[in-house]
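This report refers to the structure that appears directly beneath it.
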Amino acid sequence: MIWSIAVRKDVLLKIYIAFIFSGFTVFPLYYNVTEKTRSLMGIASLFIWFAVADIVMRVVNPLKKIYSTPGFQKIDSAVRSVGDLPFFLICWGLVIVMWTPAFCSMFPGTFGYDAPVQLLEWQGKIELGDQHPITHTVLIGLLYDFVTKVLGGTPNAGIALYIAVQALIVSGAIAYCLLTFRRCGVHSVGIMLTFLWFACNPFIQVLTMNSTKDILFGAFLSLFLLVFWQILRSGKWSTKSAVCFVVFGILTCLFRHQGIYFFAALLLFLLIAPRYVHIAKKQMVSSVAVVIAFFEIFSFVCHSVMNIKPGDSREMLSVPMQQMAYVCMLKIEGQDINVSGAQLKQVETFIPEAGIMDYQKNTADNVKATFSTEAFTEDISENALTYIKLGLQNPDKYLYAFRNLTEGYIDSDDMGYKSLMFMYSFRVAENEQIQRSPLMFDGYLDILTNSTLSQGYQRTPLMSVLFKPSLCVWILAVMIGLVFYRRDYKLWLVALPILLLCISLFLGPVALIRYLYPMILLVPFMVMCIIKPV
């Protein structure tokens with residue numbers, strides 16, 4: 001009886017939210033405050049988050065009644081009177097208009113992160129490898145060459161074309177998101193708020209004008225999940241939906257290698273889906289299998305036929321190598337640390353002492369640059385055992401090293417390297433360089449810079465919550481809780497790729513805002529999955 005009352009009053013969900021959000025609140029403070037202070041703050045935040053969850057859950061339902069007022073009903077009727085295609089084109093055009101000042105003030109766009117290396121690979125100046133998605137490298141190279149070699153344009157114009165094409169794709173994905181929401185019965189007020197969030201978010205504007213692969217990956221992942229969500233909600237599987245499912249799935253994999261793991265996991269959970277989950281199981285399984293098969297064939301052709309060098313798997317070992325480097329560095333420095341001489345010697349077989357001593361707490365790039373994947377995999381069982389033993393001997397040090405790499409995803413105000421959103425350096429020739437040349441709206445660039453680098457949005461109460469990049473991780477936590485609370489297997493299928501993306505971020509070499517971009521794009525989608533059960 002007590003158990004049924006607890007479930008009926010949503011107590012379990014509130015407890016889950018309280019524990020998860022309390023952990024998010026306290027984790028970044030690890031090692032910055034004393035253990036006693038941390039414990040007190042953890043207990044206090046448990047009660048605070050429980051109270052916040054209770055208030056929100058009590059307020060949400062009454063707010064829905066506002067939509068039934070005559071004024072809001074007229075707005076909804078007017079929006080729904082527009083056909084699907086005109087609605088899509090209007091939304092697409094409005095997003096483009098809202099983003100035009102950002103494009104003009106950041107012209108030709110920020111050519112940074114990995115893109116300069118990719119263009120060098122395309123030009124044959126360094127060896128081509130698939131550590132960066134081949135598809136993305138080819139797209140940048142083709143558009144750049146079309147402008148500079150075919151049309152005789154400048155390098156700036158070549159990059160500007162790529163950024164323009166990218167912005168059109170992302171804005172088109174946003175317009176499709178708004179159309180999907182309308183088709184699934186989302187009230188027009190919610191659609192308008194979603195539009196404003198997409199169009200006005202400074203982080204989305206700045207990063208959409210950036211050449212990193214994460215932008216197109218985020219757009220294609222969003223399109224795939226929207227199609228998937230619509231199929232699950234409607235229960236209909238048409239030829240059109242199957243084609244969109246497969247095409248967007250393939251593009252997701254081609255623009256980020258992690259995509260193949262999403263689909264492998266999705267295939268597994270589709271196969272074991274319970275009978276009461278009414279999905280077009282055969283069609284979905286076969287479509288996911290097509291996506292996986294296409295990617296594997298594509299990879300085989302790239303590696304075996306075209307002799308493109310495979311990427312180094314050390315990227316996936318960023319957290320373990322950083323944790324081992326940290327404890328070994330303390331040992332070398334003579335601190336009281338539980339590391340034996342034999343263990344130190346074992347680690348130095350794949351991370352040389354120079355790499356260990358070059359450890360930096362918020363990025364694994366320095367250690368990764370000296371890490372030998374070949375030496376590590378040569379005796380992988382012994383090296384993996386050493387990693388585990390060092391962790392058991394120094395759990396607090398391992399947790400500290402992990403916290404330093406990932407705290408930016410939980411509290412983005414402490415995220416480092418934000419300036420990379422605006423930085424780039426690429427010299428095409430001795431006297432020819434890609435450089436920022438604003439077409440107009442010079443002052444708008446200052447607004448974007450202040451809003452993102454200086455957290456200017458934090459001075460506005462509502463914006464300080466909505467535009468916080470790490471908001472997407474917090475919303476995902478609620479979404480996962482609802483999966484188990486509602487016993488909604490369809491919602492689990494939708495949440496799975498987003499969860500795996502988030503996990504891959506926490507296992508990466510550094511917390512960068514660009515890695516969060518796909519999840520930032522998915523914030524309205526996750527909110528709708530929470531509000532409207534699949």
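- Inter-residue side-chain proximity for Lys397 and Gln323 is flagged as unmet; no heavy-atom pair is nearer than 4.5 Å.
- Atom CD of Glu378 sits in a sparse spot, with 12 or fewer heavy atoms from other residues, nucleotides or ligands closer than 6.0 Å.
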side-chain contact (heavy atoms from CB on, under 4.5 Å) between Phe298 and Cys253, worked out: CA-CA 10 Å; Phe298 178 84; Cys253 294; over 6 Å; no

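- The closest donor-acceptor contact from the side chain of Tyr409 to the backbone of Leu516 lies at 3.5 Å or more, if one exists at all.
- Annotation: side chain of Met421 is in contact with side chain of Tyr113 (closest heavy-atom distance under 4.5 Å).
- For the residue pair Val483 and Ala495, the shortest heavy atom distance occurs at CG2-CB, 4.4 Å.
- Side-chain contact check for Phe198 versus Cys177: some heavy-atom pair is nearer than 4.5 Å.
- Taking the side-chain contact (heavy atoms from CB on, under 4.5 Å) definition, one finds that Pro352 meets it with Thr370, sequence neighbours left out.
- A donor-acceptor pair is defined here as one N or O able to donate and one able to accept, closer than 3.5 Å; no such pair exists between the side chain of Asp54 and the backbone of Phe50.
- Not counting sequence neighbours, His132 has no partner by the ring-ring contact (aromatic ring centres under 6.0 Å, His included) test.
- Sorted by first and then second residue, the side-chain hydrogen bond (donor to acceptor under 3.5 Å, both in side chains) pairs with a member in residues 517-529 read Thr208-Tyr517; sequence neighbours excluded.
- Residues Phe263 and Phe224 place their aromatic rings such that the two centres sit under 6.0 Å apart.
- Contact check for Leu390 versus Val347: side-chain heavy atoms found under the 4.5 Å cut-off.
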message: Go through it in stages, so that I can follow the logic: the residues are Leu500 and Tyr261, the test is side-chain contact (heavy atoms from CB on, under 4.5 Å), and I'd like the CA-CA distance, side-chain angles, deciding distance and then a yes or no.
response: CA-CA 8 Å; Leu500 291 175; Tyr261 301 114; 5.6 Å; no

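- Between Ser470 and Ile410, every side-chain heavy-atom pair lies at or beyond the 4.5 Å cut-off.
- Side-chain N or O atoms of Ser22 include none that pairs as donor or acceptor with a backbone N or O of Phe19 at under 3.5 Å.
- When only modelled atom types and interatomic distance are considered, Thr212 and Asn210 share no side-chain donor-acceptor pair under 3.5 Å.
- Not one N or O on the side chain of Asn338 forms a donor-acceptor pair closer than 3.5 Å with the backbone of Asn394.
- Taking the six-membered ring where tryptophan is involved, the planes of Phe484 and Trp492 are tilted, since the angle between them lies from 30° to 60°.
- At a threshold of 4.5 Å between non-hydrogen side-chain atoms, the residues Val510 and Tyr515 count as touching.
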- request: Could you give me the CA-CA distance, side-chain angles and deciding distance for Asp411 and Phe24, then say whether side-chain contact (heavy atoms from CB on, under 4.5 Å) is met?
  value: CA-CA 8 Å; Asp411 185 2; Phe24 285 172; over 6 Å; no

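- Relative ring orientation between His136 and Tyr162 is described as perpendicular, the plane-to-plane angle rising above 60° on a 0-90° scale split at 30° and 60°.
- Nearest heavy-atom pair across Phe506 and Val319 is O-CG2, 3.6 Å.
- Between Gln205 and Leu448 the shortest heavy-atom distance is OE1-CD2, 3.9 Å.
- The shortest heavy-atom contact between Cys328 and Leu344 is CB-CD1, 3.7 Å.
- Remark: side-chain polar atoms of Thr110 are not paired, donor with acceptor, to backbone N or O of Ser211 under 3.5 angstrom.
- Partners of Lys213 by salt bridge (charged side-chain N to carboxylate O under 4.0 Å, His left out), not counting sequence neighbours, listed by chain and number: Asp114.
- In plain terms, the two heavy atoms of Gly408 and Met415 that are nearest each other are O-CE, 3.2 Å.
- Ring-plane geometry between Phe371 and Phe376 is classed as tilted, the angle between the planes lying from 30 to 60 degrees on a 0 to 90 degree scale.
- The aromatic rings of Trp229 and Phe525 stand perpendicular to each other, their planes meeting at an angle above 60°, with 30° marking the opposite boundary.
- Using a 30° and 60° split on the angle between ring planes, Phe220 and Phe255 fall in the tilted class, from 30° to 60°.
- By the 4.5 Å heavy-atom criterion applied to side chains, Ile215 and Val170 are counted as neighbours.
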- request: Might you work through the side-chain contact (heavy atoms from CB on, under 4.5 Å) test for Tyr398 and Tyr326, ending with a clear yes or no?
  value: CA-CA 8 Å; Tyr398 264 35; Tyr326 178 59; over 6 Å; no

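- Around OH of Tyr16, the count of heavy atoms belonging to other residues, nucleotides or ligands within 6.0 Å exceeds 12.
- Between Phe107 and Phe103, the ring-plane angle classifies as perpendicular under the 30° and 60° cut-offs.
- Listed by first then second residue, pairs satisfying side-chain hydrogen bond (donor to acceptor under 3.5 Å, both in side chains) with a partner in residues 347-362 read Asn362-Tyr417, not counting sequence neighbours.
- Pairing each heavy atom of Ala364 with each of Gln322, the nearest pair is CA-OE1, 3.3 Å.
- The side-chain contact (heavy atoms from CB on, under 4.5 Å) search around Ser372 returns Glu374, Ala375, not counting sequence neighbours.
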